[in-house]
Amino acid sequence: MRTQDPKTIYLKEYQQPAFWVDHIHLTVKVFDGYTEVTSELSLRKNPTVASRELVLNGVDQKIQSLHLNDAQLTETDYQYSGGLLTLNCATDTARFRAVTRIDPQNNTSLEGLYQSGSMLCTQCEAEGFRKITFYPDRPDVMATFTTRIEADAKRFPVLLSNGNPVDSGTLDDGRHFAVWEDPFPKPSYLFALVAGDLAGKDDRFTTRSGREVTLRIFVEPQNAHKVDFALASLKKAMQWDEDVYGREYDLDLFMIVASDFFNMGAMENKGLNIFNSAAVLASPDTSNDQRFERIEGIVAHEYFHNWSGNRVTCRDWFQLSLKEGFTVFRDTEFSSDMHDRAVKRIETVAGLRAVQFPEDSGPMAHPVRPDSYIEINNFYTATVYEKGAEVVRMIHTLVGAEDFRRGSDLYFERFDGQAVTTDDFVACMEQVSGLDLTQFKRWYSQAGTPRLAVTDEFDADNGNYTLTFKQACPATPGQPEKSPFVIPVKLGLLGTDGQDLAIKTRANYSAETEVLTLTDEVTDVVFTGLTERPVPSLLRDFSAPVKWSFGYSDEQLAFLAANDANGFNRWDALQQLYIRAILSLATDRRAGRTLTAPSVLVETVANVAGDATLSHAIRASMLTLPGYAILKDAVDVVYIEDLIAARKHLVKTLATRYRDIWRSLTEKLSSHAPYEFNAEESGRRQLQGLSLWYWLKAGDQAAFDFAAQLYAGATNQTDRSNALRAVLAGDAEALQQSLLSDFYDHWQSDTQMVEQWLTMQAGTPGTTVSDIETLMQHPAFDIKNPNKVRSVIVGFAMNTESFHDDDGEGYALLASVVQQLNALNPQLAARLVTLLSDWKRYDATRGKMMAKALETILATQSLSSNVFEMAQRALKD
Ligand code: TRP
Ligand code: ZN
């Protein structure tokens, strides 16, 4: 919580601690109403630091007793204020012992030890361990852990912590104990403890060196039928990390626990990953294809952290992207290998543009490696994760797959058991490749999305074609000027027949990878030997996270959408065409002109819909219009009514013009085969869902009937939610209500289904603030449960039409929810503040109302440092 003045932490002030911890022995005794924690630290002086001050973090601790080297400490021996316990330690090795009490039952912050449903569990990243005991709670302090847990045997039959179980037994009064030992030194943020009445399911994996690993997943008993997919995903991830990175698992046991109360997706605690239930529990009947895909990816992500994060961890929290950017890159590659690479790339880039680009162009912009923070929890962002992954991807592109693997081998070997920096990672890549990545590292230090403006010139007389690349990066908070980035541009040149022409150039271009590397503000690249003016296909596979532009005509974009050899760029060309069309329709509306969708686009859509050479999934991605997040990021001032009307007009045009196409696709793509989750089947369902959505937008009664039948006959959640999504987007209110109430009646005891039910309602066009308030009164809602809050509140904020209604009530509602959550769960409250952070982009009236909501938040009594930092950044000029 905020003290008087929230303290800013700076990267440049990093210093090692005066004492290291070699080992910690924790004893956690769970009682009704409180938990007693005894921690015994084996300390060792850090010879490189002069100070003898032992600094320990501790928050919400009731001190019972403190000892240093067996001498009991009295209040004159130490200082305890502002969450820091400091004392002098005269010896070079020392034992420190703390006995404290904590209160997990009333810990709604969901960090430290807290109650989640019937179980107790922990969340220690980033700085939650200090809520469990006194400790140097910083990632560069790596210790081995022994953990003894004691609790009531009936209520908490399962007692878990990191590493290997080494002892267990019964105690008096119906209590029992378990002791766990983690042989791998780790920072405190990777500590985990779970106590509960849980159902476990086992599986096995044999590593390539022959280690037999038990895989065990624990869930509350009602979820026992939802664990198989996560176990299967885990095995695939383990295999992939061996095959692609040569990384083996290192303990005999790997555990996953599902928790209903969780601030984020999942957590990579050593040997004991804890997951948000929504990110791990799956069954065909309750999880749609997207959810299966997300679960597979996140299970892999947390598993991959065992090396990229745990064995090699971060020196300080400014290095967060060292583990997150790299691990997101790894899990994205895993998903690409498991399914369809082009489809995965499209999804990744669409997500980056919808979330990270706006973050990078607003008041929340920060470098992949930030320079300062007040609350590190506010920096688990799309920039650190997703842009960080793009930065790693560019390194992979520049050094090539083979050297990238050699670089990662070197990184894991050189730094095993250490806490390091992004510079250390890059240095390994430099060493193996011989490349100098000094300039490249600006991607870590400079915030903002670079702009890359490309122009061309063709000289028919000598067959020379010149592309001119100009890069610039807008100012971001604290960074008025930027220096040029290293930008890898993967490209092709298309001839009139749609085929790639041979590329001859003397520029910094690799024919093997088709990548041109830009380093300067302006680069002219001359391609020789051309007999016709080509159409350039630029930034293939989105080779760099930039906003690039080229003065294509609509016809050229349609040509690329139809012919580009690069699947990603076919999609991207069509996206550019959609954005251009919607923005120009919005301008027309503003000027009071009649709206007519451009014919080139309208025809292209029919061609794509009928192009049997494209996979179902690619067709579905190509036929999906850009959402408001992307449209908003493409204009200087957001006139939201115009954007909404323009987008709707385009949808209506495509829906009605091609109603027969949508109908026949919908019908043709039906299947009664048993549910299977794989690229082909999910592609089929995705295209069917989209076709049905369009067909229904055309207003045909037959479409409503089809949707109602698809819903009623669905034997899997993908069909069911496709049907619902289509119906909710239409205007058959009676049908909407009957399906929604049927859904709740049928699935009210399933937490994941109830969350989806809440999200669907919050996101339905026409939902009002008072509907949301009613929903928040529903027994299914719980303000203390982040998933429920996200379903309703984030769901509503994503409902552009409703949230941005010009009465401003949506903003006021959000402010009041943030105020409530400020006291309960500051981490979650601070995340919700970002939903208002783009206020300056809107028309003046809306902008003012959004800013006022931020000011209301800033004026909250006992404002947490989390919310303070976000609201204040959002409001800053
Ligand atoms: N390290 C986790 C991951 O990305 C995410 C994480 C960070 C987290 N802080 C958290 C999860 C707090 C839950 C709560 O894999
Ligand atoms: Zn992660």
Side-chain angles (χ1 to χ4, degrees), residues 107-114 116 121-132 137-139 162 186-194 230 233-234 237 241 256-280 294-314 316-335 368 370 373 375-389 392 419 422 785-787 789-790 821 825-831 866:
N107 179 0
T108 57
S109 72
L110 313 189
E111 49 176 19
L113 180 66
Y114 64 91
S116 170
C121 66
T122 53
Q123 172 54 42
C124 293
E125 188 177 3
E127 299 181 332
F129 194 67
R130 62 191 62 183
K131 291 189 164 188
I132 296 174
D137 191 11
R138 42 187 292 168
N162 317 87
K186 65 166 177 290
S188 50
Y189 82 86
L190 291 173
F191 172 78
L193 180 158
V194 171
S233 302
L234 175 59
D241 213 14
I256 286 179
V257 176
S259 158
D260 280 351
F261 287 69
F262 210 70
N263 273 340
M264 306 234 238
M267 182 61 214
E268 69 262 26
N269 317 297
K270 182 77 186 188
L272 178 54
N273 289 358
I274 302 182
F275 276 67
N276 187 325
S277 298
V280 65
R294 170 154 175 263
I295 290 173
E296 186 182 71
I298 197 162
V299 166
H301 177 99
E302 305 311 329
Y303 174 73
F304 295 155
H305 268 316
N306 191 57
W307 278 96
S308 49
N310 301 3
R311 291 286 288 255
V312 181
T313 192
C314 303
D316 54 72
W317 290 119
F318 298 101
Q319 318 298 327
L320 182 56
S321 198
L322 173 74
K323 72 178 178 81
E324 296 305 347
F326 187 21
T327 304
V328 171
F329 172 72
R330 276 151 54 71
D331 81 57
T332 307
E333 283 297 295
F334 165 75
S335 301
V368 168
Y373 60 77
E375 258 300 333
I376 186 56
N377 282 314
N378 289 331
F379 286 80
Y380 287 75
T381 59
T383 297
V384 166
Y385 276 65
E386 276 73 33
K387 186 180 182 180
V392 174
T422 54
N785 185 307
N787 287 4
V789 172
R790 278 186 285 256
L821 280 168
N825 186 337
Q827 251 185 64
L828 178 60
R831 284 207 168 249
N866 308 56

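Predicted model, so just to flag it, every value in this text is computed and none were measured. Both counts, for ligands and for their atoms, begin at 1 and track the order of listing.
Ring pair Y373/F318: centre-to-centre distance below 6.0 Å. Proximity of the aromatic rings of W317 and Y189 is defined here by a centroid distance below 6.0 angstrom, and this criterion is met. Aromatic rings from F275 and F262 are positioned such that their centres are separated by 6.0 Å or more.
Applying the 4.0 Å criterion to heavy atoms of A266 picks out, from ligand 1, the atoms 2 (C), 3 (C), 5 (C), 11 (C), 15 (O). The contact set between ligand 1 and E302, taken as ligand atoms under 4.0 Å from a residue heavy atom, comprises 3 (C), 15 (O). Against a heavy-atom cut-off of under 4.0 Å, F262 is close to the following atoms of ligand 1: 11 (C), 13 (C). For ligand 1, the atoms closer than 4.0 angstrom to any heavy atom of E324 are 1 (N), 2 (C), 3 (C), 4 (O). In the vicinity of M267, heavy-atom distances shorter than 4.0 Å reach the ligand 1 atoms 1 (N), 2 (C). Residue contact check: Y380 has heavy atoms under 4.0 Å from atoms 7 (C), 9 (N) of ligand 1.
The closest side-chain heavy-atom distance from N276 to N787 is below 4.5 Å. Annotation: side chain of N269 is in contact with side chain of N162 (closest heavy-atom distance under 4.5 Å).
Under the 30°/60° scheme for interplanar angles, the aromatic rings of Y385 and Y380 are found to be tilted.
In terms of protein heavy atoms, atom 4 (O) of ligand 1 is closest to Y385 OH, 2.6 Å. Summary of contacts: the protein heavy atom closest to atom 1 (N) of ligand 1 is E125 OE1, 2.5 Å.
When non-hydrogen atoms are compared, ligand 1 lies under 4.0 Å from the side chain of Q123 (C-beta onward) but not from its backbone.
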Derivation and outcome, side-chain hydrogen bond (donor to acceptor under 3.5 Å, both in side chains), residues N306 and K270: CA-CA 7 Å; N306 191 57; K270 182 77 186 188; 2.9 Å; yes
Audit row: H301, E324, side-chain hydrogen bond (donor to acceptor under 3.5 Å, both in side chains) steps and yes/no: CA-CA 9 Å; H301 177 99; E324 296 305 347; 3.2 Å; yes
Salt bridge (charged side-chain N to carboxylate O under 4.0 Å, His left out), that's the test. Do E333 and R330 meet it? Break it down for me. CA-CA 5 Å; E333 283 297 295; R330 276 151 54 71; over 6 Å; no
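Here the shortest heavy-atom distance to atom 9 (N) of ligand 1, taken over M264, H301, E268, H305, belongs to M264.
The Zn ion (ligand 2) is closest to atom OE1 of E324 (considering only N, O or S atoms).
At least one heavy atom of K323 lies less than 4.0 angstrom from ligand 1.
For ligand 1, the polar-atom distance check finds no N/O of N263 at less than 3.5 Å from any of the ligand's N/O atoms.
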